[in-house]
Amino acid sequence: MNPYVLKYGGTSVESIDQIKDVAKRLAERKSLGQDLVVVISAMGQTTDQLLELAASISETPDRREVDLLLATGEQVSVALLSIALKTLGVNSVGLTGRQAGIFTDDVHTKARISRIETDRIRQHLEAGEIVVVAGFQGVNENGDITTLGRGGSDTSAVSLAAALGCTCELFTDVDGIYTVDPKILPEARKLDSISYEEMLEMASRGAKVIETRAVEFAHKYKVPVIVGLSTGDYPGTLIKELDETMEKRVVTGISVDEDCLMVTVNTVPFESKNIAKIFAAISGENIMIDMISQTAPYNSFVNLTFTSKIEDRFNIKAILEKLKAEFPTIDYVIDDSVIKLSVVGIGMVSQSGVASALFNLFAEHDIDFYQVTTSEISISYTLNAYDRDKAVHMIASAFDL
Ligand code: ASP
Ligand code: MG
């Protein structure tokens with residue numbers, strides 16, 4: 001029988017009462033005969049608090065040790081949930097990432113899962129136990145503990161579902177995926193379903209409900225993912241392969257990335273190998289970048305602009321400082337007062353005029369943007385953070401979101 005992989009985020013296991021509630025819901029599902037693998041995050045703000053502890057000692061704490069520290073957060077919640085289950089008389093076992101067979105590369109604090117050995121999980125399932133697994137962590141081939149980057153327990157869950165060949169349910173504090181984050185647009189609609197492609201665009205461009213890498217994994221291994229409220233009281237949103245009803249919508253949603261950093265590197269000597277060097281230095285640290293633009297050469301120099309995440313600010317600064325030794329002409333600006341707003345819809349593949357309609361809206365409402373990039377199914381802009389609500393409202397009302 002196929003198991004179910006369920007994941008509860010930090011907001012669903014913030015308190016002991018919540019952990020007990022989760023245990024009760026798991027016990028109910030178990031009594032229906034379901035085999036359950038449960039991935040959980042650290043309680044509430046634990047990961048942030050652990051990071052603050054490290055930061056109180058050093059601005060640049062050693063990343064191997066940071067992983068050792070952060071992984072304790074999930075170990076606490078796994079143990080507590082398993083204790084809660086056993087107290088209800090339910091057989092269960094709590095496992096760390098290592099014990100669950102989750103192996104990663106060795107990029108500390110941003111590791112990628114390389115393989116999962118599911119033997120041990122399967123043995124526990126066969127023994128009738130609910131398997132509670134620590135999200136966000138794994139182990140590299142040397143046996144050192146690694147973590148997967150913030151929000152990484154979604155990836156743990158989807159990868160486990162892929163390895164076990166089953167559906168993945170992600171429980172969180174919202175009841176599904178909305179056309180626009182309801183915190184920004186309260187009247188936004190909940191989607192019954194969304195394609196992997198659109199979800200990938202929405203997540204990678206700022207929608208926080210699900211982690212981007214988790215959607216990539218789900219897409220690659222065709223794992224159906226349900227995002228819903230941890231109480232399970234309302235139907236959630238199903239992320240799956242494209243169907244015809246989805247293709248009819250021109251625009252499916254808007255995502256806003258407020259943790260966006262716009263980095264401009266000026267006066268780079270004009271030669272493609274220099275550009276390659278800069279981006280190699282950045283990607284060597286597993287830093288994700290986006291919206292790359294380059295000016296035409298002027299006096300044999302070009303200016304580069306790209307966007308990244310606020311959390312990478314110090315890493316990027318350190319990398320650019322190092323590059324200055326090699327390229328003394330360069331200077332850079334790291335701007336955190338911008339947001340990235342993306343309009344996403346698979347219908348854009350077959351329908352024209354979306355870009356032009358958007359440019360008209362920006363002009364009519366007198367909103368300026370710094371960069372614009374397009375993919376087959378999205379158009380993204382960087383603009384001043386203070387224009388966020390105005391821009392979202394004008395686009396939502398024009399496209400009936
Ligand atoms: N606890 C980790 C974090 O806060 C992982 C997760 O919640 O997904 O980023
Ligand atoms: Mg999360």
Side-chain angles (χ1 to χ4, degrees), residues 5-15 18-19 22 37-55 61 63-81 94-98 100 102 104 107-113 116 132-139 145-162 168-174 177 199 203-204 206-218 223 225-230 239 257-259 286-288 309-315:
V5 172
L6 320 181
K7 179 245 161 183
Y8 291 89
T11 50
S12 312
V13 292
E14 225 166 340
S15 65
Q18 278 177 300
I19 290 178
V22 169
V37 175
V38 186
V39 174
I40 52 173
S41 299
M43 296 171 74
Q45 308 299 313
T46 303
T47 308
D48 288 322
Q49 288 158 3
L50 292 169
L51 275 173
E52 277 166 28
L53 286 179
R63 295 219 241 150
R64 179 192 177 279
E65 314 309 330
V66 168
D67 276 350
L68 198 56
L69 176 70
L70 295 189
T72 62
E74 271 68 16
Q75 204 169 320
V76 169
S77 47
V78 163
L80 292 174
L81 180 57
L95 301 177
T96 63
R98 168 72 185 93
I102 300 172
T104 71
V107 182
H108 282 290
T109 74
K110 278 177 182 279
R112 286 170 193 270
I113 294 177
I116 298 185
V132 187
V133 178
F136 179 53
Q137 58 175 264
V139 69
I145 292 174
T146 53
T147 65
L148 308 179
R150 298 308 305 272
S153 49
D154 289 348
T155 296
S156 308
V158 173
S159 311
L160 280 169
C168 182
E169 299 167 47
L170 302 176
F171 294 109
T172 176
D173 56 349
V174 292
I177 310 290
M199 194 63 240
S204 66
K208 286 220 181 79
V209 186
I210 169 168
E211 196 214 5
T212 310
R213 268 196 296 166
V215 188
E216 264 167 19
F217 248 92
V223 178
V225 176
I226 299 163
V227 177
L229 210 56
S230 55
I239 309 172
D257 183 359
E258 307 198 62
D259 300 330
N286 279 4
I287 294 172
M288 300 287 285
K309 292 269 168 212
I310 282 209
E311 67 189 38
D312 290 320
R313 175 177 15 203
F314 297 115
N315 280 344

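Just follow the structure's listing: the first ligand is 1, and inside any ligand the first atom is 1. We count residues from 1, following the sequence as given.
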Practice task
Step through the shown structure and confirm whether more than 12 heavy atoms of other residues, nucleotides or ligands are within 6.0 Å of CD on Gln45.
Solution key: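 It does not: Gln45 CD has 12 such atoms or fewer within range.
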
Practice task
Please say whether more than 12 non-hydrogen atoms of neighbouring residues, nucleotides or ligands are located less than 6.0 Å from CD in Glu258.
Solution key: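 Yes, the 6.0 Å shell around CD holds more than 12 heavy atoms from other groups.
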
Exercise for the section: List in chain and number order the residues that pass salt bridge (charged side-chain N to carboxylate O under 4.0 Å, His left out) with Lys110, two or more places apart in sequence or in another chain; answer none if no residue qualifies. Expected result: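 For Lys110 the salt bridge (charged side-chain N to carboxylate O under 4.0 Å, His left out) partners, ignoring immediate neighbours, are Glu311, Asp312.
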
Problem - Results of salt bridge (charged side-chain N to carboxylate O under 4.0 Å, His left out) for Arg98 - residues two or more places apart only - result: none

List ligand 1 atoms under 4.0 Å from [X], heavy atoms only on the residue side.
X	result
Thr47	1 (N), 2 (C), 3 (C), 4 (O)
Arg150	3 (C), 4 (O), 9 (O)
Ser41	6 (C), 7 (O), 8 (O)
Gly151	3 (C), 5 (C), 6 (C), 8 (O), 9 (O)

Handout entry: Gly152 heavy atom under 4.0 Å from ligand 1
Key =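 Yes.
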
Exercise for the section: Using non-hydrogen atoms of the residue, decide whether Gly10 is closer than 4.0 angstrom to ligand 1. Expected result: no

Looking only at distance, does [X] have an N or O less than 3.5 Å from an N or O of ligand 1?
X	result
Gly149	no
Glu74	yes
Asp154	no

Practice task
Answer yes when Asp48 and Arg150 have at least one side-chain N-carboxylate O distance shorter than 4.0 Å, and no when they do not.
Solution key: yes

Exercise for the section: Examine distances only and state if a side-chain atom of Ser77 and a backbone atom of Ile40 form a donor-acceptor pair shorter than 3.5 Å. Expected result: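 No; zero donor-acceptor contacts below 3.5 Å.
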
Handout entry: Check: Asp67/Thr146 side-chain N/O donor and acceptor closer than 3.5 Å
Key = no

Exercise for the section: For ligand 1, note which part of Glu211 has a heavy atom under 4.0 Å away: side chain, backbone, both or neither. Expected result: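 Within the 4.0 Å criterion, Glu211 makes no contact with ligand 1.
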
